[in-house]
Amino acid sequence: MLKTHSCGELRATHVGQKVTLAGWVNRRRDMGGVIFLDLRDRDGKTQVVIDAGRSQESFAIAEEIRSEYVIQVTGEVSRRPEGQENPNISTGEIELLAEKVTILNRSKTPPFHIAREDAVDESVRLKYRYLDLRRERMQRNIILRHRAIKFIRDFLDERGFVEIETPILFKSTPEGARDYLVPSRVHPGKFYALPQSPQQLKQLLMVAGFERYFQIARCFRDEDLRADRQPEFTQLDLEMSFVERDDILDLIEELMVGMVKAVSLVPLAHEKFPRLSYAEAVERFGTDRPDIRYGMELVNISDIVANSAFRVFTENVAAGRPVKAICAPGCGSYSRKQLSELEDIAREAGAKGLAWLAIHPETEEIRGPIVKFFNTEQLQAIVERMEAKPGDLILISSDEKRVVHEVLSTLRTEMARRLGYTDKKELAFCWIVDFPLFEEELEDGHLAPSHHMFTMPKREHIPLLDTDPHAVLSEQYDLVCNGFEVAGGSIRIHDRALQNKIMQLIGFSLEEAKEQFGHMLEAFEYGAPPHGGIAPGIDRLVALMAGEPNIREVMAFPKTAQATDLMADAPSEVSPKQLEELHIEVVLPQKGK
RNA sequence: GGGGGCGUGGUGUAGUGGUUAACACGCCGGCCUGUCAAGCCGGAGAUCGCGGGUUCGAUCCCCGUCGCUCCCGCCA
């Protein structure tokens, strides 16, 4: 080894020892007769002192040294002079008195500061990702990611799980997201697909009798990107046999609590994760992925306004359309302009308009364009129901149920952001359970699975498949944290007859099913055990635990929002020869259309 | 596919329809033996993303385009 210690481990107890360190020059301070270098490696920083009076040769070398040079220093660990300690670094008690300094490699001046946490343009960071990764923030995040994955592996290993790799080259199915395709050279005109997740394979591993499987699995989806979505991402893919829903939930909850305690920079809000039904989540928060770090829940005031003079509300209530509201603390003094902004946000979310009531902080007088339609008792009843206080703002929406929920959920998030609730540094997990098995009908009149077609209906709802399939709830569950979906899974159908029925309901002919899932269906005829699983998104979880707003910050080599790699310049054109071998002809889109 | 934001020395920003585009950090040189965001002195470094238009004159206004980013659609 070119070093005896790391740059983060020397302490007062090492004083007097002769050591060799190697790393990058974080910063150089040249005092004329003495040069200080902060030597940095993954582990930390150590101050190196090069004294002209101690070694002329080393001093001459040190004068040449610049930021990010890679050097090796041998010398004696020395206690810093009284009052010269640096409490900001772990090695601040000591310094290394250089006897021999070797330049292992020189460095060009980097395109941005490595030693500072300055904001740098995203495209520059991504082009020089290897330098960006050298910075403290990214080192911290990537190592945090490693620790999280290590924790997961150890945790599951201790509980009898087997990690099994599944193919990256697999089969395309038209369900779900757009596939990344890989042309086959050997089979002209045919394609592999990169897995959107190892869903089918993990179920087959249950048929194969492994009972407890997991994989840190790379997944690929050719869809547009978001702050929490990259075209390739990592899931903890997990499947268990002979389990019921709560077995999976309890296991994952224990895993999450343990992992957050072990590695997270952001603490848990609570150790027991609330379990909300899909219906309850939508009623209270307007969404199936609520941020429960704060309240501002949706409250139904339909009964109070049903007999008011405001026809929009009375007609809606009469037609079964709800009137619901949220109360934004301290926003009662919002200006006309601010309220108009909120109305724009509501409209964008699908509202036709936005009603509001503002309570004066001192006089408690209620103002708002719809006040005149209500009597004092009605207004008082609304204020009481909303638990609104002087100075608060009540935002009211009435429309079709799903519109109301969409609008108020959007406003709830917006107000939380404005009020600083979303800055709260804690992780608030909750489970969402009892999802509907089907989403609403597609244009062709058939049902669509809300999760995927292997999801088990709740046992007691199976008879409803024939009579009222919309009412059927499933054994699907999501784990949500701070408003992000961080895991999703279900208990699977292991019975061939039931699977056939589901496929019929979603309009899958037996021929189609055979072509796409033939191997699955056949496998289920050979003694498939009852089984279920879940797939937590590693990138999202690590980003949350690192306090990062974007999963790029926890991926070593992420892609841009346009799905490109600025460092390697991917995707790129390939040679005609390569295309020819793959039997591929490129037809570019017409420009200017 | 649609909408919003951003683009000015290496990095981060300021700025203006009109003289030499300003500041901080970084970089280069000099001074300095206890600094740690070292300090002091001096210096180099910008076709203001690119193309077109309006104008006597555009970094600034307009259109287009490219790049980065956030959101909607999309993501079983």
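Chain identifiers are assigned alphabetically (A, B, ...) following the order of the sequence lines, protein sequences preceding nucleic acid strands; residue numbering begins at 1 within each chain. Note: hydrogens, waters and symmetry copies are ignored here, and every other heavy atom, side chains too, is used.
Around the NZ atom of Lys3(A), the shell of radius 6.0 Å holds more than 12 heavy atoms that belong to other residues, nucleotides or ligands. Atom CD of Gln139(A) is surrounded by more than 12 heavy atoms from other residues, nucleotides or ligands within 6.0 Å.
Side-chain N/O atoms of Asp539(A) and Gln230(A) include no donor and acceptor closer than 3.5 Å.
Aromatic ring centres of Phe233(A) and Phe220(A): separated by at least 6.0 Å.
The distance between atom CD of Glu439(A) and atom C1' of rC75(B), rounded to the nearest whole Å, is 12 Å. Taking atom CZ of Phe59(A) as the reference point, atom C1' of rC32(B) lies 10 Å away to the nearest angstrom. Protein atom CD of Glu85(A) is 14 Å distant from nucleotide atom C1' of rU35(B), rounded to whole Å. Rounded to whole Å, atom P of rG10(B) lies 12 Å from atom NZ of Lys127(A). What separates CD of Glu406(A) from C1' of rC72(B) is a distance of 10 Å, to the nearest Å. Between the CD atom of Glu414(A) and the C1' atom of rC70(B) there is a distance of 13 Å, rounded to whole Å. Distance CD (Glu548(A)) to P (rC70(B)): 13 Å, rounded to an integer number of Å. In this structure, OH of Tyr128(A) is placed 18 Å from P of rG67(B), rounded to the nearest angstrom.
rG67(B) and rC6(B) make up a base pair, with Watson-Crick or G-U wobble contacts both under 3.5 Å. Nucleotide rU11(B): paired with rA24(B) (Watson-Crick or G-U wobble, both distances less than 3.5 Å). Across all strands shown, rC61(B) forms a Watson-Crick or G-U wobble pair with rG53(B), both key distances being under 3.5 Å. In this entry rC40(B) has rG30(B) as its Watson-Crick or G-U wobble partner, both defining distances falling under 3.5 Å.
Within the 4.5 Å cutoff, side-chain heavy atoms of Leu437(A) are placed close to those of Ile502(A). A heavy-atom distance below 4.5 Å is found between the side chains of Asn86(A) and Arg80(A).
Distances shorter than 4.0 Å separate none of the side-chain N or O atoms of Arg29(A) from OP1 or OP2 on rU35(B). Side-chain nitrogen and oxygen atoms of Asn550(A) include at least one within less than 4.0 Å of the OP1 or OP2 phosphate oxygen of rC70(B). In this structure, Arg552(A) reaches the rU69(B) phosphate: one of its side-chain N or O atoms is under 4.0 Å from OP1 or OP2.
Of the C1' atoms belonging to rG7(B) and rC41(B), the separation is 35 Å, rounded to the nearest Å. rC23(B) and rU8(B) have their C1' atoms separated by 13 Å, given to the nearest Å. One P atom belongs to rU47(B), the other to rU59(B), and the distance between them is 13 Å to the nearest Å. Taking atom P on both rG49(B) and rA58(B), the two are 15 Å apart, rounded to the nearest angstrom. Rounded to whole Å, the separation between the P atoms of rC60(B) and rG9(B) comes to 15 Å. For the P atoms, the distance from rC61(B) to rC6(B) is 11 Å, rounded to whole Å. Comparing rG42(B) with rA24(B), their P atoms sit 12 Å apart, to the nearest whole Å. Separating the P atom of rU11(B) from that of rC68(B) is a span of 16 Å, rounded to the nearest Å.
With hydrogens and angles ignored, a donor-acceptor pair closer than 3.5 Å exists between the side chain of Asp51(A) and the base of rU33(B). Side-chain atoms of Arg125(A) and base atoms of rC68(B) include no donor and acceptor less than 3.5 Å apart. A donor-acceptor contact under 3.5 angstrom links the side-chain atoms of Asn86(A) to the base of rC36(B).
Heavy atoms of Glu95(A) sit under 4.0 angstrom from at least one base atom. The residue Ser490(A) sits apart from the nucleic acid: no heavy atom pair falls under 4.0 Å. Within 4.0 Å (heavy atoms only), Gly53(A) reaches at least one base atom of the nucleic acid. Contact annotation for Glu348(A): no contact, since no heavy-atom pair falls under 4.0 Å across all strands. Within 4.0 Å (heavy atoms only), Ile89(A) reaches no atom of the nucleic acid at all. At a threshold of 4.0 angstrom between heavy atoms, the contacts of Pro111(A) are confined to the sugar-phosphate backbone, with no base atom among them. Contacts of Gln47(A) with the nucleic acid, taken as non-hydrogen atoms under 4.0 Å apart, include base atoms.
The side chain of Arg229(A) sits closest to rG73(B) out of rU69(B), rG73(B), rA38(B). Nearest nucleotide to the side chain of Phe112(A), out of rC36(B), rU11(B), rC71(B): rU11(B). Side chain of Glu223(A), nearest nucleotide from rC68(B), rU35(B), rC74(B): rC74(B). Picking from rA37(B), rG34(B), rU33(B) the nucleotide with the shortest atom distance to the side chain of Gln84(A) gives rG34(B).
Considering CD of Glu414(A) and CD of Glu348(A), their distance stands at 11.0 Å, rounded to 0.5 Å. To the nearest 0.5 Å, the span separating NZ on Lys100(A) from CD1 on Ile71(A) amounts to 11.5 Å.
Electrostatic pairing of Lys352(A) and Glu343(A) does not count as a salt bridge here, judged by no charged N lying under 4.0 Å from a carboxylate O. At a threshold of 4.0 Å, the pair Arg226(A)-Asp228(A) does not count as salt-bridged, since none of the basic side-chain nitrogens sits closer than that to a carboxylate oxygen. Salt-bridge annotation for Asp38(A) and Arg28(A): absent, with no side-chain N of the basic residue lying under 4.0 Å from a carboxylate O of the acidic one.
RNA chain B is contacted by both Arg80(A) and Thr560(A); Arg80(A) maps to the nucleotide lying nearer its 5′ end (nearest heavy atom per residue). Annotation: of the two residues near RNA chain B, Gly33(A) and Pro549(A), the 5′-most nearest-nucleotide partner is Gly33(A).
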Each nucleotide N or O in nucleotides 26-31 of chain B that has a protein N or O under 3.5 Å away: list the pair and distance.
residue: rC28(B); atom: OP1; partner: Arg66(A); partner atom: NE; Å: 2.9
residue: rG29(B); atom: OP2; partner: Arg66(A); partner atom: NH2; Å: 3.2

#### Entry: B/S/- contact track for nucleotides 1-8 of chain B, protein heavy atom under 4.0 Å
B-------
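Using modelled atom types, one side-chain atom of Ser55(A) and one backbone atom of Ser58(A) make a donor-acceptor pair closer than 3.5 Å. Formation of a donor-acceptor pair under 3.5 Å by the Asn550(A) side chain with backbone atoms of Arg552(A) is found in this model.
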